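One-based numbering, in listed order, for ligands and for the atoms of each. These numbers were taken from a predicted model, which means no experiment stands behind them.
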Amino acid sequence: MQNNKLLFGSTIGIIGGGQLGRMMTTVAKHMGYRVMVLDPTPDCPTAQVADEQIVAAYDDLDAVRELAEKSDVVTYEFENVDLTAAQILEDAGILPQGANSLRVTQDRELEKKAMVDSNQPVADFAIVTSTEELQIAVEEIGYPSVAKTCRGGYDGKGQVKLTNKTDIESAVEMLQQADRLIIEKWVPFDKEISIVFTRSQSGEISYFPVAENIHRDHILHATIAPARVSEQIAEKARQAAKAIAETIGVVGTFAIEMFVCGEDILINELAPRPHNSGHFTIEACDVSQFEQHVRAICGLPLIPVHSHGGAVMVNLLGKDVEPFFSQLDDNPQAHIHMYGKAENKPLRKMGHVTFIGDNPLIIYNKLVEKKIIEN
Ligand SMILES: Nc1ncnc2c1ncn2[C@@H]1O[C@H](COP(=O)(O)OP(=O)(O)O)[C@@H](O)[C@H]1O
Ligand SMILES: [Mg+2]
């Protein structure tokens, strides 16, 4: 991959038109780039702020070729990009992130292998392809454990927790729909954290503050940054990020989810793109995860990350939108991000709000008191 700088006036193509593409686009626009988005839904969140949209399926190879022709560089906002399309773009020299980050993160088996190859700790696991293998794996790993489809799961979809023998039936059902499952030991974690970082085309890494994540119904509810963890844990998270990024050959903004158990971490999941738990960087840091991503893929130097203080980010799902905006006057500090989605569904991510202050714990406690954060 050449490392010529792409400057203002160049065109960035984005595969996927959701909120991550939208936030990449707003920053790319203020830096002077043109943005072309490929997404099947006309007027999708990204298209509302981009210069142009190609309305087509993500795996429509003619549309991908058109995007390639019209763009100087291409990126994506989700991991389930068609691998043939990604390879076409990589071969054309316009996908600096490469197809490998996608290949690995699309499949929990390859993802775990990358973690292990990087000498990073993970929960006990086994890959199973038949009912017999499934039963043996659960016996060996023990209860509680969790079965996940190797491909296609998100926000807790494609997962069943196994607490006793009868739960195995649901896992068998899931296996019938998928060719492989991963069985993982259930981790009694103290907290969940993530590290979002950006790697340049020459291999330089800049890290954002480690974030602490609170999930509700398997969906990210709130992020506290910096995470309430020791400096030792934060350093382990950065070292894990570096090792995994080098194994995979990451370019651009990337996120790693981890469990914290005492003074140890276990790596949970990888995302080859900006991440919901990194949205706080927009207001809390001198460069956001999106701006740093655009800089990396365009071959610009990364900005050294400095944090202005603590932050709490709260997702607004469909059900949260009306309650939040009805008490907006009581929350003048809330930075508002709404994604422009046409239809409000109770569990759909419609937007997020970020609160900045010296002490994130004080902010957090106030938000719990006001019921903006569910306890
Ligand atoms: N092995 C595990 N032990 C404990 N909790 C888990 C485990 N795997 C997943 N979880 C919980 O489920 C959430 C979603 O799982 P994850 O593997 O991150 O998949 P996805 O985010 O794609 O739905 C995690 O953030 C965590 O709260
Ligand atoms: Mg996850």
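Looking at I193 and V229, their side chains come closer than 4.5 Å, going by heavy atoms from C-beta outward. A heavy-atom distance below 4.5 Å is found between the side chains of Q292 and V305.
Each of the atoms 25 (O) of ligand 1 lies under 4.0 Å from some heavy atom of H215. Heavy-atom contacts of E257 reach the following atoms of ligand 1: 18 (O) (cutoff under 4.0 Å). Near E192, with a cut-off below 4.0 Å to any heavy atom, the atoms of ligand 1 are 24 (C), 25 (O), 26 (C), 27 (O).
Within the set E184, H218, Q159, K161, the minimum heavy-atom distance to atom 15 (O) of ligand 1 is found for Q159. If you check each of K148, E79, E269, E111 against atom 17 (O) of ligand 1, the one with the closest non-hydrogen atom is K148.
At the top of the distance list for atom 3 (N) of ligand 1, counting protein heavy atoms only, stands V187 N, 2.8 Å. Protein heavy atom closest to atom 7 (C) of ligand 1, with residue, atom name and distance, is F259 CZ, 3.5 Å. In terms of protein heavy-atom proximity, atom 11 (C) of ligand 1 is nearest to W186 CH2, 4.2 Å. Of all protein heavy atoms, the one lying nearest to atom 23 (O) of ligand 1 is G156 N, 2.4 Å.
The six-membered or imidazole ring of Y58 lies near that of F78, with a centre-to-centre distance under 6.0 Å. For F208 and F197, the ring centers are positioned 6.0 Å apart or more.
When distances to the Mg ion (ligand 2) are checked against a cut-off of 2.8 Å, E257 contributes an N, O or S atom below that limit.
F259 is linked by a ring-ring contact (aromatic ring centres under 6.0 Å, His included) to F189, counting only residues two or more places apart in sequence or in another chain.
Judged by the 6.0 Å distance and 45° axis criteria, R295 is not positioned over the aromatic ring of F290.
Of the candidates R273, R103, Q106, E79 forms a side-chain hydrogen bond (donor to acceptor under 3.5 Å, both in side chains) with just one, namely R273.
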